[in-house]
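The figures here come from the full heavy-atom set of this structure, side chains too, leaving out hydrogens, waters and symmetry mates. Chain letters run A, B, ... following the sequence lines, proteins first, then strands; residues in each count from 1.
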Protein chains: 2
Amino acid sequence: MAKAKRTLKWQRDPEGMRLRILEAAKQEFSAHGLAGARVDRIAAKAGANKRMLYYHVGNKDELYLAVLEGAYDKIRSEERGLDLEHLDPPEAIRRLIEFTWNYFLRNPEFLSLLQTENLARAKHLKKSTKVKSMHSPFVEMIRTVVRRGVDSGDFQVAVDPVQLYISIAALSFFYLSNSATLSVIFGRDLLDKKAKDERLAHMVGLVLAALTGQSVALFDVAKAPKSRSAVVQTA
Amino acid sequence: MAKAKRTLKWQRDPEGMRLRILEAAKQEFSAHGLAGARVDRIAAKAGANKRMLYYHVGNKDELYLAVLEGAYDKIRSEERGLDLEHLDPPEAIRRLIEFTWNYFLRNPEFLSLLQTENLARAKHLKKSTKVKSMHSPFVEMIRTVVRRGVDSGDFQVAVDPVQLYISIAALSFFYLSNSATLSVIFGRDLLDKKAKDERLAHMVGLVLAALTGQSVALFDVAKAPKSRSAVVQTA
DNA sequence: ACAGTATTTATCCAACGGGTTAATTTTCTC
DNA sequence: GAGAAAATTAACCCGTTGGATAAATACTGT
């Protein structure tokens with residue numbers, strides 16, 4: 001029986017191992033934060049020995065930074081895949097909001113990692129030349145979309161693209177990253193299907209109404225209480 | 001010389017001690033998170049012995065929960081002081097945004113604590129009957145303000161007050177809680193005076209424009225680039 | 001097939017950190 | 001002012017944790 005595993009003891013797989021380590025580390029750091037993460041758990045989750053972490057990546061901090069850089073790399077790459085240039089301005093903004101919302105939904109660890117890094121006042125990020133060089137294409141996309149919208153008359157006002165970018169991210173990010181406490185406070189599950197649909201509709205409606213000056217149907221009219229619902233619809 | 005401190009060894013002050021402990025704990029937890037917080041540092045910061053924490057409050061988790069409850073208690077109490085009922089609807093919304101923004105600015109630990117608690121998926125908050133019973137007065141305030149705004153014709157659309165509340169919080173919260181990473185990404189300090197003023201103007205402009213359908217002057221027109229700034233001003 | 005290197009395992013350890021125990025000092029009360 | 005109760009200090013306990021060392025095992029080229 002001791003012989004059974006003779007030929008199958010283990011095989012080398014440096015690249016695979018490195019990937020499994022980073023994936024496990026991502027899970028661990030996003031689930032427990034930097035201080036709460038346990039190096040041993042990462043090793044176990046990666047199906048590896050603790051020594052492997054140090055061999056393939058580095059100590060806990062380097063591991064964390066690698067994960068963070070990977071997270072930024074991933075979102076930037078997906079962002080680049082979204083081209084809003086050829087859409088008409090309101091549709092482009094809608095797509096942008098939907099992308100942001102869905103990306104955050106699909107990648108909850110990204111939210112956690114950002115929260116963790118901000119609690120650390122971006123101490124690690126500041127040291128990463130890699131991340132600093134990864135500019136989001138969205139700011140420029142927004143700048144041209146807003147300009148086109150203003151020129152075409154779709155938008156009533158020109159907005160600073162950085163502010164708008166932050167606001168769009170904020171509306172999704174806060175809702176999701178704080179859904180746990182908010183759900184307790186409001187006594188309802190903010191993450192069930194219906195609530196999520198309503199949230200997306202609200203965000204799109206809010207931003208488009210602000211930009212175009214016209215109330216979008218989606219801007220949650222249905223839920224309006226009591227009052228004889230003075231719904232002013234888009235002309 | 002050993003005698004010098006004979007009469008001044010120490011004096012009792014249970015209430016004061018408890019307050020100093022909670023204040024120190026608030027600092028520590030907001031600066032380092034739950035796992036990163038060090039019980040010894042809290043004791044030192046409170047000018048006390050570690051044993052005192054357990055004597056006056058409890059173990060680390062209980063300490064943390066006490067701090068969290070205190071934080072909610074404080075904001076709820078300030079919220080109650082703000083009465084928006086008698087203001088005209090757009091002004092009420094503006095005040096609400098300004099209050100939220102300023103409260104977050106004045107109480108950065110509150111932001112950190114919420115982030116920390118959300119990383120823990122509100123595990124502790126769920127156990128706190130105290131916090132669950134502290135309803136924010138803002139949701140009802142917003143509900144009546146929106147209703148009045150719709151009835152008076154100031155607002156073009158009725159919004160779900162919970163969504164609006166979350167959105168207003170989101171715009172400030174995300175900007176401030178993520179300012180560290182955002183500042184690195186954008187290569188500029190989001191917390192300097194000018195940036196903060198611009199942010200507030202943007203948020204007010206965005207929300208009011210959405211509600212009223214009319215572009216507010218503050219909705220950052222000044223920073224609009226290149227394009228022959230098609231500024232549509234409020235009539 | 002063998003030497004050399006890359007990869008992985010099996011232990012070890014010193015520092016740290018939360019929590020506890022027991023003694024000491026102050027304050028209250030009668 | 002004696003004795004009890006409350007508040008505070010000092011010292012210790014012990015599991016955990018990040019990190020290090022050394023040895024074993026699998027691959028590679030020659």
Side-chain angles (χ1 to χ4, degrees), chain A residues 2-29 31-68 116 120 123-124, chain B residues 2-29 31-68 116 120 123-124:
Chain A
K3 313 290 178 179
K5 51 161 72 168
R6 184 161 35 80
T7 48
L8 340 151
K9 299 196 93 167
W10 52 270
Q11 34 177 342
R12 295 180 162 191
D13 181 16
E15 302 83 10
M17 177 62 91
R18 192 186 148 87
L19 288 182
R20 270 179 296 139
I21 288 173
L22 288 176
E23 177 60 30
K26 182 167 78 178
Q27 306 248 334
E28 178 72 10
F29 283 122
H32 303 283
L34 180 49
R38 292 292 165 258
V39 175
D40 298 271
R41 276 201 298 252
I42 295 176
K45 224 172 298 185
N49 187 288
K50 186 166 54 165
R51 177 68 178 79
M52 296 282 79
L53 312 188
Y54 297 89
Y55 183 76
H56 288 287
V57 187
N59 64 20
K60 193 179 182 183
D61 271 333
E62 297 174 291
L63 205 47
Y64 170 77
L65 185 56
V67 166
L68 196 59
T116 295
K123 188 173 71 173
H124 314 84
Chain B
K3 313 291 180 179
K5 52 161 72 168
R6 183 163 36 82
T7 50
L8 338 154
K9 301 195 90 164
W10 51 271
Q11 34 177 344
R12 294 178 162 193
D13 181 17
E15 301 83 11
M17 176 63 89
R18 193 186 147 87
L19 289 182
R20 271 178 296 139
I21 288 173
L22 288 176
E23 177 60 30
K26 180 167 80 178
Q27 306 249 333
E28 179 72 10
F29 284 121
H32 303 283
L34 180 49
R38 291 293 164 260
V39 174
D40 298 89
R41 276 201 299 251
I42 295 176
K45 225 173 297 184
N49 186 288
K50 183 166 55 165
R51 180 67 179 77
M52 295 283 80
L53 312 188
Y54 296 88
Y55 184 75
H56 287 286
V57 187
N59 65 20
K60 193 180 182 182
D61 271 333
E62 297 174 292
L63 206 47
Y64 169 77
L65 185 56
V67 166
L68 196 59
T116 295
K123 188 173 70 172
H124 313 84

Solution key, residues 42-53 of chain B side-chain donor-acceptor pairs under 3.5 Å, sequence neighbours excluded:
residue	atom	partner	partner atom	Å
K45(B)	NZ	E28(B)	OE1	3.0
N49(B)	OD1	R51(B)	N	2.8

Query - For E62(A), all residues meeting side chain to side chain donor-acceptor pair (under 3.5 Å), sequence neighbours excluded - result: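 Here no residue qualifies.
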
When you compare the side chain of [Y] with that of [X], does any pair of heavy atoms fall below 4.5 Å?
| X | Y | answer |
| --- | --- | --- |
| L63(B) | I21(B) | yes |
| L34(A) | D61(A) | yes |
| R20(A) | E23(A) | no |
| L19(A) | E15(A) | no |

Return the polar atom pairs (N/O with N/O) between nucleotides 1-3 of chain D and the protein under 3.5 Å, or none.
none

**Report entry** All pairs passing ring pair (Phe, Tyr, Trp, His ring centres under 6.0 Å) where residues 31-68 of chain B contributes a residue, at least two apart
**Finding:** F29(B)-Y64(B), Y64(B)-H124(B)

Report task. Go through dT8(C), dG18(D), dG19(C) for me and flag the one nearest to the K50(B) side chain. Result ->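 For K50(B), the side-chain atoms sit closest to dG19(C).
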
Roughly how many Å is it from [atom1] in [X] to [atom2] in [N], rounded to a whole number?
| X | N | atom1 | atom2 | answer |
| --- | --- | --- | --- | --- |
| R51(A) | dA10(C) | CZ | C1' | 12 Å |
| M52(A) | dA22(D) | CE | P | 17 Å |
| M17(A) | dA26(D) | CE | P | 14 Å |

Query raised in the report: Hey, can you pull the residues of residues 53-64 of chain A with a non-hydrogen atom under 4.0 angstrom from DNA chain C?
Result: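 Going residue by residue through residues 53-64 of chain A, the ones with a heavy atom under 4.0 Å of DNA chain C turn out to be Y55(A), H56(A).
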
Query - DNA chain D contacts among residues 32-49 of chain B, heavy-atom distance under 4.0 Å - result: N49(B)

